[in-house]
Amino acid sequence: MKRKILKVITFCAFLFCGMSASPQTPIYLDKSQPIEQRIEDALSRMTLQEKINIIHAQSKFSAPGVPRLGIPELWCTDGPMGVRPEVMWDEWDQAAWTNDSCMAFPALSCLAATWNPRMASLYGKSIGEEARFRNKSVLLGPGINVYRTPLCGRNFEYMGEDPYLISHMVVPYVQGVQSNGVSACVKHFALNNNEINRHTSNPIVDDRTLYEIYLPGFKAAAVEGKAWSFMGGYNLFRGEHASYNPILMNQILKEEWQWDGVVISDWGAVHDTHTAIIGGLDMEFGSWTDGLTEGTSNAYDNYWLANSYLKGIKEGIYTDKELNEKVRRVLRLTFRTAMNNDRPWGSMVSDAHKTACRKIGEEGIVLLQNNANLLPINLSKVKRIAVIGENAIKMMTVGGGSSSLKVKYEVTPLEGLKKRIGEQAEIIYARGYVGDPTGEYNGVKTGQNLKDDRSPKELRTEALQVASNADIVLFIGGLNKSEYQDCEGTDRKTMDLPYNQNELIMDLLQVNKKLVVINISGTGVAMPWKNHVSTILQAWYLGSETGNALASILMGDVNPSGKLPYTYYACLNQCGAHKLGEYPGHKGMDVLGNKVYDIPYNEGLFVGYRFIDKNKLKPNFPFGHGLSYTTFEYGKAKVNSKAIEKSEKLYITIPITNTGNRAGAEVVQLYIKCLNSSVIRPIKELKGFCKVELQPNETKEISFTITAEELSFFDEKQHKWIAEPGKFEALMASSSADIRSKVCFELK
């Protein structure tokens with residue numbers, strides 16, 4: 001009877017630990033106590049079995065907590081663009097809830113294209129509110145791996161090719177999520193740059209390239225964003241799996257960066273008990289078991305960090321030193337999330353979230369080309385609009401892997417246009433091609449029936465007829481989230497648009513020159529028709545508000561201000577990963593002698609625009625490119641000093657004027673060029689950006705601050721960053737290929 005009363009008291013203390021703690025309240029339940037003291041108190045009360053329990057899953061997406069002590073379960077959820085629907089306890093099948101439909105936010109490639117940290121903060125706060133409302137402790141995102149190749153099937157989940165841009169977008173995203181008492185889980189640490197052979201890819205990369213290109217975003221998330229959890233990748237690094245790689249997890253993340261969060265494995269990324277113990281992994285999820293059908297009372301006890309770990313400790317093979325450290329980190333995460341009684345309640349598919357989704361989408365859409373000024377659409381002159389293409393009617397929130405969502409609603413491009421234009425003009429739709437008529441992933445269905453039995457010739461004939469009688473043609477095509485397109489688990493096989501879209505675009509041009517190509521994708525595509533089409537728009541996967549956001553840009557209700565977060569190559573040979581012939585690698589062996597695919601990163605530092613600059617290439621569109629319906633004039637850049645000491649700051653200013661007749665926003669980009677160096681350096685590198693909104697004829701002065709940190713390179717021999725004295729140029733630009741002003745300075 002006394003035990004029952006004690007349990008009730010403990011449970012009540014847990015529920016009401018937000019109130020003033022009594023002298024009898026256990027320290028770990030007293031939120032007024034320092035969190036590290038609470039951790040040690042809870043740790044001292046736990047049995048060995050309880051410690052083992054909380055470092056591995058108990059279901060597809062949860063870990064058990066410590067019921068005896070009132071420490072609750074930790075629940076995770078995919079993903080970075082919306083809260084995944086509930087699945088069965090031990091299966092991927094849908095749980096068939098009726099209240100788990102979410103808001104789908106734009107793909108992170110779109111967020112990066114806003115070049116606006118304020119949008120990243122809004123995004124994180126909004127998606128964090130949805131995760132909190134569903135009582136999740138960990139949101140498995142954002143993904144921030146660098147675009148090394150345009151073929152990577154998961155590029156749409158990431159934030160582009162440049163480490164500086166990624167770093168300054170991921171920090172506010174993380175902080176926004178965690179303001180809700182929900183942990184962001186930054187992934188996939190690190191070098192998860194391709195989906196093909198993803199479980200056996202072994203990138204071979206030197207330390208300088210690692211630290212300058214592939215780690216900065218993760219460091220920013222850990223050190224500045226203070227992310228509470230990280231997820232390892234499926235890939236290997238130097239022969240050892242990333243999820244428990246001692247160099248990545250112990251040496252870099254936990255020691256060099258002094259990070260105190262939890263390392264979570266990707267689902268099914270653990271393969272061995274010993275290396276998982278010593279390699280820095282804290283929580284194991286999704287290992288390949290057959291779940292409860294194996295006949296054991298709890299199949300999760302068969303995980304690598306479960307019974308085999310427990311047995312090893314009891315037999316003296318392992319001490320509890322590593323275990324206690326893992327438990328401390330899990331407890332810290334629990335106190336920050338599930339046991340944080342001050343966290344807000346959250347909300348789901350609110351009006352504020354709809355507004356945020358639309359705003360982010362509008363800011364991320366990139367106007368690539370507008371040579372004939374077909375945009376914005378002028379309804380005083382345009383009375384008949386032809387809309388061609390499957391992506392005008394296809395819902396894009398279902399599919400693509402772990403980012404697949406069950407949404408409350410999704411406005412398609414055609415629906416958004418019809419709603420915006422109403423009776424002001426006639427809109428006639430023709431499909432033009434049939435790509436993927438399905439709409440189902442893991443049991444979630446769009447409800448659309450896109451089956452079309454007409455032949456390709458019939459579809460094309462109809463499209464050309466509709467286009468020939470229109471005042472303007474909007475071709476809405478691109479990729480989708482099917483296998484071998486923008487999809488987890490597979491890379492694209494080519495940069496070409498699928499379903500013979502290139503041929504259809506050229507045919508449409510023959511019947512109507514007033515053609516606008518709207519490409520929906522999460523990454524770059526080949527555009528053999530680029531010099532023939534006057535107007536091109538990059539529209540991304542825009543989530544629930546897709547049609548409304550796209551219509552706002554097309555009609556000029558919103559002035560486009562997005563900029564490319566990656567280089568839009570004309571062909572694969574403009575990308576170093578392909579030009580140098582080491583994608584997707586060759587057969588090698590890991591540290592245990594198992595077969596893997598070694599992928600030498602022969603391009604080194606020269607990723608994206610760095611490779612373009614070095615080889616003097618001309619891509620379809622450069623990194624940072626994006627047009628507006630207005631024009632901007634850059635004044636002369638100035639510095640506060642022509643020479644600075646390493647301890648000093650350099651201030652660079654430049655006036656920007658809106659010289660057009662409508663309000664707009666410009667992303668002013670600062671690149672730094674080193675004029676003399678003892679090591680090979682890129683021609684220039686992004687070291688600052690600022691999105692500025694201007695009314696017609698308005699001028700604002702933009703200011704950037706440069707320290708020795710922005711001028712440094714990583715020295716492998718000394719294993720530290722070096723700011724070498726020398727001469728530099730500050731390049732003020734509208735894109736990496738559009739330099740508007742420059743000024744020289746010296747680091748003494």
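Start at 1 with the first residue, then count along the sequence.
- At a cut-off of 3.5 Å, with distance as the only test, a side-chain donor of Gln485 or Asn480 sits close to an acceptor on the other residue.
- A salt bridge links Arg328 with Glu40: the distance from a Lys NZ or Arg NE/NH1/NH2 to an Asp or Glu carboxylate oxygen falls below 4.0 Å.
- With Phe61 as the partner, the ring pair (Phe, Tyr, Trp, His ring centres under 6.0 Å) test is satisfied by one option alone out of Phe285, Tyr300, Trp75, Trp92: Trp92.
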Step by step, would you call Ser402 with Arg154 a side chain to side chain donor-acceptor pair (under 3.5 Å)? CA-CA 10 Å; Ser402 61; Arg154 222 161 176 177; 2.9 Å; yes

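- Closest of all the heavy-atom pairs between Val87 and Gln94 is CG1-NE2, 4.1 Å.
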Evaluate the criterion side chain to side chain donor-acceptor pair (under 3.5 Å) for residue pair His274 and Tyr244; output intermediate values, then yes/no. CA-CA 10 Å; His274 178 72; Tyr244 39 91; over 6 Å; no

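- Counting non-hydrogen atoms of other residues, nucleotides and ligands closer than 6.0 Å to OH of Tyr441 gives a total above 12.
- Screening Met103, Glu129, Glu130 for a side-chain contact (heavy atoms from CB on, under 4.5 Å) involving Val83 leaves a single residue, Glu130.
- A salt bridge links Arg134 with Glu86: the distance from a Lys NZ or Arg NE/NH1/NH2 to an Asp or Glu carboxylate oxygen falls below 4.0 Å.
- Between Asp266 and Lys187 there is no salt bridge, since no side-chain nitrogen of the basic residue lies less than 4.0 Å from a carboxylate oxygen of the acidic one.
- Both tests do not hold together for Arg45 against Tyr28: distance to the six-membered ring centre under 6.0 Å, angle to the ring axis within 45°.
- Closest non-hydrogen pair, Ser183 versus Ser229, comes out as OG-OG, 2.9 Å.
- Side chains of Gln49 and Asn53: a donor on one and an acceptor on the other come within 3.5 Å.
- For the pair Val349 and Cys102, the tightest heavy-atom approach, listed with the atom from each and the gap, is CG2-C, 3.7 Å.
- When only modelled atom types and interatomic distance are considered, Glu410 and Thr397 share a side-chain donor-acceptor pair under 3.5 Å.
- The aromatic rings of Trp257 and Phe189 sit tilted, their planes meeting at an angle between 30° and 60°.
- Atom OH of Tyr484 sits in a sparse spot, with 12 or fewer heavy atoms from other residues, nucleotides or ligands closer than 6.0 Å.
- Between Glu240 and Asn245, the closest heavy-atom pair is O-ND2, 3.1 Å.
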Evaluation steps, salt bridge (charged side-chain N to carboxylate O under 4.0 Å, His left out), between Arg198 and Glu488: CA-CA 10 Å; Arg198 62 178 178 167; Glu488 178 186 358; 2.9 Å; yes

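- By the neighbour-count criterion of 12 heavy atoms within 6.0 Å, atom NZ of Lys254 is densely surrounded, having more than that number from other residues, nucleotides or ligands.
- In plain terms, the two heavy atoms of Asp41 and Ile27 that are nearest each other are OD2-N, 3.3 Å.
- Checked against the 6.0 Å centroid threshold, Trp259 and Phe230 count as a close aromatic pair.
- Ring geometry for His241 against His271 counts as tilted: the plane angle lies between 30° and 60°, on a 0 to 90° scale.
- For the pair Tyr309 and Leu323, the tightest heavy-atom approach, listed with the atom from each and the gap, is OH-N, 3.1 Å.
- Between Trp267 and Tyr234, the ring center distance fails the sub-6.0 Å criterion.
- The backbone N or O of Pro344 lies less than 3.5 Å from a partner atom in the side chain of Arg132, making a donor-acceptor pair.
- A donor and an acceptor atom, one from each side chain of Ser404 and Asn442, are nowhere located under 3.5 Å apart.
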